[in-house]
Amino acid sequence: MADSRHVVLDTGFGRGAQFLAALERHRSAPAAHLHYLALAESVPAASVQTALTAAVPALAAQWPVDVPGLHRLHLPTERLTLDLLVGSAEAWLPEIVARVDEFIIAEPLDQVRALQRLATPASTLRIRQPDEQALRSLRAAGFTVTGELEGEWQHATYTSRKPQPPRAPAPERRAIVIGAGVAGSAACERLAARGWDVILIERHDAPAQEASGNRAGIFMPLLSKDDNIPTRLTRAAYLYAQRAWQHLGGLDPHAPGPEAGAGAIRGEQCGVLQLARDAEHALLQKEVVDTWRHPERYVRWLDPQQAGAMLGAATPYGAWHFPEGGWATPATACRAMLHACGDKLQRIFHSEALRIERAGGEWQVFSAQGTRLAAAPTLVLANGAGATALEQARDLPLYTMRGQVTHLPEGSFPSLKMVVCREAYMTPPVDGIVCVGATYDKSTERRLWQSSQDENLLRAEEILGSPHGAGAPLAGRVGFRTMAPDRLPLVGPLPDSGNQARSERLRDLPRLPGLHALLGYASRGLIWAPLAAEILACQLEDEPLPIEATLAAALDPGRFLLKQRRKL
């Protein structure tokens with residue numbers, strides 16, 4: 001059984017005093033998993049971090065960089081999850097997706113009525129030194145003040161007669177996951193961590209044989225001047241993935257390859273240098289850094305001289321430098337995630353799922369020969385474009401783009417100390433091979449193309465300022481990225497496209513019971529996979545989401561059907 005959860009929302013984290021008090025109570029009587037949502041204008045400063053890590057040493061390795069968003073810190077040995085929600089309370093309260101058992105209002109809060117949406121009939125509340133206006137706001141939000149002040153604190157309980165949506169019954173924790181790339185492997189790990197029994201079905205003989213099979217994938221944030229949805233999603237995923245990898249043993253450039261039975265993830269936080277394309281792009285890069293003023297450990301702007309010195313070759317326009325970005329071998333991430341599942345995972349490989357049907361409250365998965373491979377109440381499609389071969393997912397607007405990566409032996413090509421990218425990317429040597437790529441081709445051809453290799457080498461020449469690798473033997477790998485028209489992944493319950501009921505909102509869209517998607521990861525599956533799997537696991541368990549409501553809606557697989565029906 002997975003832990004029950006006690007969810008606390010602290011609307012003014014400050015120096016963390018209320019968090020430490022809640023943690024002390026939790027340690028003395030740990031009846032449930034403590035999930036603490038902490039609103040903070042910025043990530044608490046080093047002095048606060050020091051005090052908190054003295055009480056919870058495991059926080060030190062996970063302490064987030066000070067950028068906006070929701071930073072989820074897992075502390076499984078403490079049965080504790082700490083979410084730092086960085087930004088104003090005004091911006092965050094409409095965006096939180098959670099059922100809150102306990103509210104702590106230690107600082108004045110203008111939006112007390114916004115708490116009503118998060119409260120359950122059993123919610124309690126503590127507010128520090130409320131004035132009459134604050135008490136009136138509490139009552140208007142459905143809270144009943146109980147007793148006199150206890151020291152500085154006034155207590156209240158949620159007693160509104162307004163009907164609350166019922167809490168979903170605890171799921172039967174059995175699931176099937178189709179696809180053993182980064183999407184499916186992450187789903188297995190996140191579900192197994194919550195006590196689920198998972199059956200993994202994969203048509204190949206080993207994990208990570210399709211898009212997740214490249215020698216090196218790069219990880220880096222995405223920046224924009226307006227901090228749009230892709231930027232916010234990628235920032236959250238990039239930071240969450242790095243914390244997830246720490247829990248799995250960390251990155252090691254000398255870790256064994258994917259064929260090994262266990263071990264750390266092969267990869268390195270060597271930094272990523274993203275060169276400006278031209279003078280206009282360089283100006284935009286600098287404006288973005290100046291506008292958002294992110295910490296330098298997250299990103300810094302380099303002028304042409306600084307960028308050239310780091311690259312080891314002249315570059316005319318400058319660059320973004322992401323010091324904590326780098327590369328990793330996706331197949332070793334899959335191996336680590338599946339290894340972490342232990343005996344909660346059953347693997348069925350060399351078996352392609354070609355038909356699924358719902359019967360007796362379970363999804364049944366059948367092979368091409370009609371053999372039933374597995375049955376479970378919950379089914380997760382994580383098999384990329386292969387999902388659209390199934391009738392229930394046939395209407396999803398997914399498509400593939402061919403990507404060819406060129407492999408060049410170390411010594412025949414400049415060995416970089418970091419990842420460098422512009423129209424192409426180049427990695428440091430991985431097992432003596434430099435990776436350059438990847439192309440975007442509208443084709444299903446799996447053979448290596450000389451034209452694609454020439455394209456990669458031309459892009460490398462544009463970055464380095466001189467030709468390298470000319471005449472190299474044709475070598476590399478072809479993979480197929482699966483993506484949606486808006487280039488965002490599909491994360492969550494699948495819509496029932498056969499149900500013609502009129503719906504104006506995502507929450508009212510009919511869904512196929514127990515059928516979920518982790519699809520359309522495009523070129524960012526390495527970092528999107530851990531966060532997307534956590535989102536899905538939280539949806540299944542009715543836990544607080546690790547992202548804001550706006551992002552969750554942007555990833556909902558039903559978004560395309562809803563848009564289509566609104567046009568009718």
Side-chain angles (χ1 to χ4, degrees), residues 6-26 34-52 55 64 66-73 81-160 162 164 227 293 544-545 547-550:
H6 181 73
V7 180
V8 179
L9 174 59
D10 182 348
T11 65
F13 189 63
R15 302 186 63 82
Q18 298 306 313
F19 166 68
L20 292 176
L23 179 60
E24 184 177 352
R25 293 192 297 272
H26 170 66
L34 175 61
H35 197 132
Y36 201 94
L37 311 177
L39 292 175
E41 289 283 349
S42 61
V43 171
S47 59
V48 176
Q49 177 191 351
T50 300
L52 293 175
D66 188 9
V67 295
L70 191 157
H71 303 271
R72 174 156 293 182
L73 312 182
T81 302
L82 172 61
D83 287 346
L84 286 173
L85 286 67
V86 176
S88 69
E90 180 180 23
W92 264 112
L93 284 174
E95 292 283 358
I96 296 171
V97 182
R99 291 176 179 270
V100 176
D101 301 298
E102 178 183 349
F103 296 92
I104 302 173
I105 307 177
E107 300 174 1
L109 181 67
D110 294 333
Q111 292 182 293
V112 172
R113 294 193 70 164
L115 305 181
Q116 183 179 42
R117 181 182 63 84
L118 304 172
T120 70
S123 295
T124 62
L125 180 144
R126 288 186 294 130
I127 184 169
R128 176 180 283 162
Q129 296 179 329
D131 58 18
E132 281 303 315
Q133 177 59 42
L135 292 175
R136 282 196 296 271
S137 296
L138 277 179
R139 295 185 181 103
F143 289 90
T144 298
V145 175
T146 56
E148 302 294 327
L149 278 174
E150 293 184 11
E152 299 181 301
W153 295 91
Q154 178 71 63
H155 292 253
T157 57
Y158 188 69
T159 55
S160 172
K162 184 176 179 180
Q164 295 293 314
D227 204 37
R293 299 186 179 278
L545 290 192
I547 56 171
E548 53 265 49
T550 301

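Applying the salt bridge (Lys or Arg N to Asp or Glu O under 4.0 Å) rule to Arg25 yields the partners Glu102; only residues at least two apart in sequence or on another chain are considered. When the side-chain hydrogen bond (donor to acceptor under 3.5 Å, both in side chains) test is applied to Asp227, the partners found at least two apart in sequence or on another chain are Arg235. Not a single ring-ring contact (aromatic ring centres under 6.0 Å, His included) links Phe13 to another residue, sequence neighbours left out.
A 4.5 Å side-chain heavy-atom check between Leu9 and Leu39 finds at least one atom pair inside the cut-off. You'll find the side chain of Pro544 reaches within 4.5 Å of the side chain of Leu37, heavy atoms only. Taking 4.5 Å as the limit, some side-chain heavy atom of Gln18 sits within range of a side-chain heavy atom of Arg126. Side-chain atoms of Leu109 and Leu93, non-hydrogen and from C-beta on, do get closer than 4.5 Å to each other. Between Leu118 and Phe103, some side-chain heavy-atom pair lies under the 4.5 Å cut-off. Counting heavy atoms from C-beta on, the side chains of Val86 and Val67 never come closer than 4.5 Å.
Atom-to-atom distance recorded for Gln133:CD and Leu135:CG is 9.5 Å, nearest 0.5 angstrom. A distance of 11.5 Å separates CD of Gln154 from CD1 of Ile105, quoted to the nearest 0.5 Å. Atoms CZ and OG, on Arg139 and Ser160 in that order, are 14.5 Å from each other to the nearest 0.5 Å. Separation of atoms CG (Leu85) and OG1 (Thr11) is listed at 11.5 Å; rounding is to 0.5 Å. Atoms OH and CD1, on Tyr36 and Ile104 in that order, are 4.0 Å from each other to the nearest 0.5 Å.
Residue pairs meeting the ring-ring contact (aromatic ring centres under 6.0 Å, His included) criterion with at least one partner in residues 110-140, sequence neighbours excluded, are absent. Listed by first and then second residue, the side chain to side chain donor-acceptor pair (under 3.5 Å) pairs involving residues 84-98 are Glu95-Thr550 (not counting sequence neighbours).
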Verdict with reasoning, Ile547 to Leu70, per side chain to side chain contact (heavy atoms under 4.5 Å, CB included): CA-CA 6 Å; Ile547 56 171; Leu70 191 157; 6.0 Å; no

Evaluation steps, side chain to side chain contact (heavy atoms under 4.5 Å, CB included), between Leu52 and Leu82: CA-CA 12 Å; Leu52 293 175; Leu82 172 61; 5.7 Å; no

Verdict with reasoning, His35 to Asp83, per side chain to side chain contact (heavy atoms under 4.5 Å, CB included): CA-CA 8 Å; His35 197 132; Asp83 287 346; 2.9 Å; yes

Check against side chain to side chain contact (heavy atoms under 4.5 Å, CB included), Arg99 and Val7: CA-CA 7 Å; Arg99 291 176 179 270; Val7 180; over 6 Å; no

Give the table of side-chain donor-acceptor pairs shorter than 3.5 Å for residues 142-150, with sequence neighbours excluded, one pair per line with atom names and distance.
from	atom 1	to	atom 2	distance (Å)
Thr144	OG1	Thr159	OG1	2.4
Thr146	OG1	His155	O	3.3
Glu150	OE1	His155	NE2	3.4

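Annotation: Arg128, atom CZ; neighbour count of heavy atoms from other residues, nucleotides and ligands within 6.0 Å is above 12.
Under a 3.5 Å cut-off, the side chain of Asp66 and the backbone N or O of Val43 do form a donor-acceptor pair.
If you check the side chains of Ser47 and Thr50, you find no donor sitting under 3.5 Å from an acceptor. A donor-acceptor contact closer than 3.5 angstrom is absent between the side chains of Gln116 and Arg113.
Residues Thr120 and Tyr158 come closest through the heavy atom pair O-CD2, 3.2 Å. When all heavy atoms are compared, the tightest approach of Arg15 to Val48 is O-CG1, 3.5 Å. In terms of heavy atoms, Ala549 sits closest to Pro94 at CB-O, 4.5 Å.
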